[in-house]
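What follows is one structure encoded as structure tokens, with my remarks underneath.
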Amino acid sequence: MLNIVIFGAPGSGKGTQSKLIIEKYGLHHISTGDILRQEIEQKTALGLIAEEYIAQGHLVPDQLIIDMMADILDRYPSAKGYIFDGFPRTLSQGEALDTMLSERNLAITAVLRLQVNEKLLIDRMLKRKEELGRSDDNLETIQNRLHVYKTQTDSLSEYYKKKGKLFKVEGDGLVDDVFEHITEVINLLSV
Ligand code: B4P
């Protein structure tokens, strides 16, 4: 069973590449960002809390996200495999994911780390702001999100590197070229 974490800075292409991965490999896509935006739109209790954190570019508290993830895994027990997009984002989330998966006799197969230079990340998110008007894609919030990534999320790479599960993918190129690098990595995994 193929269980992939797609990892990288905000704007690195996690959501974009996840869509292509699910089409090709038939995995179940779990994007914590998409789920939180739906919760906000539906004005649920979780959405009302998450809205403030997201608007400021901060992470939503770990326990809320971890409980949300356990619930999703229970709702889709017979998936062919999962792609975790935007989760985990902290060491606590990473450890919780390992526990949740092992309780279900599952494990992460690989973590794909998309590497993109910072100027390009900012340009992509500002462009998306024009196209989709996402509230967290303004320059001030983007700077906060990049800071949060560097201080709270990036070090998770080391956690997965020690487990021999980290694969770096050049994410600066065209969408299709990045996807080609990703398929090269996935095709090498023995599952
Ligand atoms: P996310 O929704 O995960 O937002 P993101 O990091 O910006 O990534 P996204 O997937 O949307 O963008 P992509 O790189 O594909 O999170 C939003 C917020 O939710 C977080 O800041 C946080 O507050 C909260 N949150 C989410 N998960 C959480 C968690 N686990 N714990 C706590 N809080 C959490 O694409 C960006 C843009 O670039 C797109 O417009 C795309 O079209 C473009 N693009 C992508 N690849 C390209 C390429 N190769 N060339 C040109 N453009 C490209």
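None of these values were measured; they are calculated from a predicted model. Residue numbers run from 1 in the order of the sequence given. Order of appearance sets the numbers: ligands from 1, and atoms from 1 within every ligand.
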> Just one of Lys19, His29, Lys14 clears the side chain to side chain donor-acceptor pair (under 3.5 Å) bar with Asp85, so which one?
Replying inline: His29
> Looking at atom 42 (O) of ligand 1, what's its closest protein heavy atom, distance included?
Replying inline: Thr16 OG1, 4.0 Å
> More than 12 heavy atoms of other residues, nucleotides or ligands under 6.0 Å from CD of Glu52: is that the case?
Replying inline: no
>> Polar contacts were defined as any N/O atom of the residue lying under 3.5 Å from an N/O atom of the ligand; does this apply to Arg134 and ligand 1?
In response: yes
>> I'd like to check which ligand 1 atoms, numbered from 1 as shown, lie under 4.0 Å from a non-hydrogen atom of Ser12.
In response: 14 (O)
> Where the closest heavy atom to atom 50 (N) of ligand 1 is concerned, which of Glu52, Arg89, Glu131, Arg124 has it?
Replying inline: Arg124
> Are Glu140 and Asn144 linked by a side-chain donor-acceptor pair shorter than 3.5 Å?
Replying inline: no
>> One pair to check against salt bridge (Lys or Arg N to Asp or Glu O under 4.0 Å): Arg89 and Asp62. What are the steps and the verdict?
In response: CA-CA 9 Å; Arg89 265 173 150 98; Asp62 280 341; over 6 Å; no
>> Please confirm whether the ring centroid of His28 lies under 6.0 Å from the ring centroid of Tyr76.
In response: yes
>> Testing the 3.5 Å rule here: is there a donor-acceptor pair between the side chains of Thr90 and Gln152?
In response: no
> Below 4.0 Å from any atom of ligand 1, is there a heavy atom belonging to Gly11?
Replying inline: yes
> Where do Glu39 and Thr44 come nearest, in terms of heavy atoms and distance?
Replying inline: OE1-OG1, 2.5 Å
> Against heavy atoms of Leu36, which atoms of ligand 1 measure under 4.0 Å?
Replying inline: 24 (C), 25 (N), 26 (C), 34 (C)
> With a cut-off of 4.0 Å, which atoms of ligand 1 are near a heavy atom of Leu174?
Replying inline: 49 (N)
> Counting from 1, what ligand 1 atoms have a heavy atom of Val175 closer than 4.0 Å?
Replying inline: 47 (C), 48 (C), 49 (N)
>> Below 4.0 Å, non-hydrogen atoms only: which portion of Arg145 touches ligand 1? Side chain, backbone, both or neither.
In response: side chain
>> Need the ligand 1 atom indices (1-based, order shown) with element for anything under 4.0 Å from a heavy-atom of His58.
In response: 22 (C), 23 (O)
>> Walk me through whether Asp98 and Tyr159 qualify under side chain to side chain donor-acceptor pair (under 3.5 Å).
In response: CA-CA 11 Å; Asp98 283 345; Tyr159 176 74; 2.5 Å; yes
> Among Gly15, Gly33, Ser18, which one has a heavy atom closest to atom 15 (O) of ligand 1?
Replying inline: Gly15
>> Consider side chain to side chain donor-acceptor pair (under 3.5 Å). Of Lys129, Arg145, Arg124, Lys127, which one does Asp137 pass it with?
In response: Arg145
> What is the nearest protein non-hydrogen atom to atom 18 (C) of ligand 1, stated with its residue, atom name and distance?
Replying inline: Asp136 OD2, 4.0 Å
> So with a 6.0 Å cut-off around CD of Glu131, is the heavy-atom count from everything else above 12?
Replying inline: yes
> Can you list the atoms of ligand 1 that are under 4.0 Å from a heavy atom of Gln93?
Replying inline: 29 (C), 30 (N), 31 (N), 32 (C)
>> Side chain, backbone, both or neither: which applies to Arg37 and ligand 1 if a contact is any heavy-atom pair less than 4.0 Å apart?
In response: side chain
>> Pair Asp67, Gln63 - check side chain to side chain donor-acceptor pair (under 3.5 Å), show working.
In response: CA-CA 6 Å; Asp67 292 346; Gln63 202 53 52; 3.0 Å; yes
> Taking all atoms of both residues into account, what is the closest heavy-atom pair of Leu97 and Pro88, and its distance?
Replying inline: CD2-CD, 4.0 Å
> Relative to ligand 1, is Ile65 under 4.0 angstrom through side chain, backbone, both or neither, heavy atoms considered?
Replying inline: side chain
> Is the shortest side-chain N to carboxylate O distance from Arg128 to Asp123 below 4.0 Å?
Replying inline: no
> Among Met68, Lys14, Gln56, Arg128, whose heavy atom sits nearest atom 37 (C) of ligand 1?
Replying inline: Arg128
> Are any of the heavy atoms in Pro88 under 4.0 Å away from ligand 1?
Replying inline: no
>> Using heavy-atom distances only, which candidate in Thr141, Ile40, Val60 approaches atom 32 (C) of ligand 1 most closely?
In response: Val60
> Side chain or backbone of Gln152 under 4.0 Å from ligand 1, or both, or neither, by non-hydrogen atoms?
Replying inline: neither
>> Suppose we measure from atom 14 (O) of ligand 1 to each protein heavy atom; which comes out shortest, and what is that distance?
In response: Gly13 N, 2.5 Å
> Any idea which part of Asp62 is under 4.0 Å from ligand 1, heavy-atom wise: side chain, backbone, both or neither?
Replying inline: neither
> Is it true that the side chains of Tyr149 and Asp154 contain a donor and an acceptor less than 3.5 Å apart?
Replying inline: yes
> What do you reckon, does Gly173 have a nitrogen or oxygen under 3.5 Å from a nitrogen or oxygen of ligand 1?
Replying inline: yes
>> Taking distance alone, with N or O pairs closer than 3.5 Å, would you say Gly57 contacts ligand 1?
In response: no
> Considering only the protein, which heavy-atom contact is closest to atom 27 (N) of ligand 1, and what is its distance?
Replying inline: Thr32 OG1, 2.8 Å
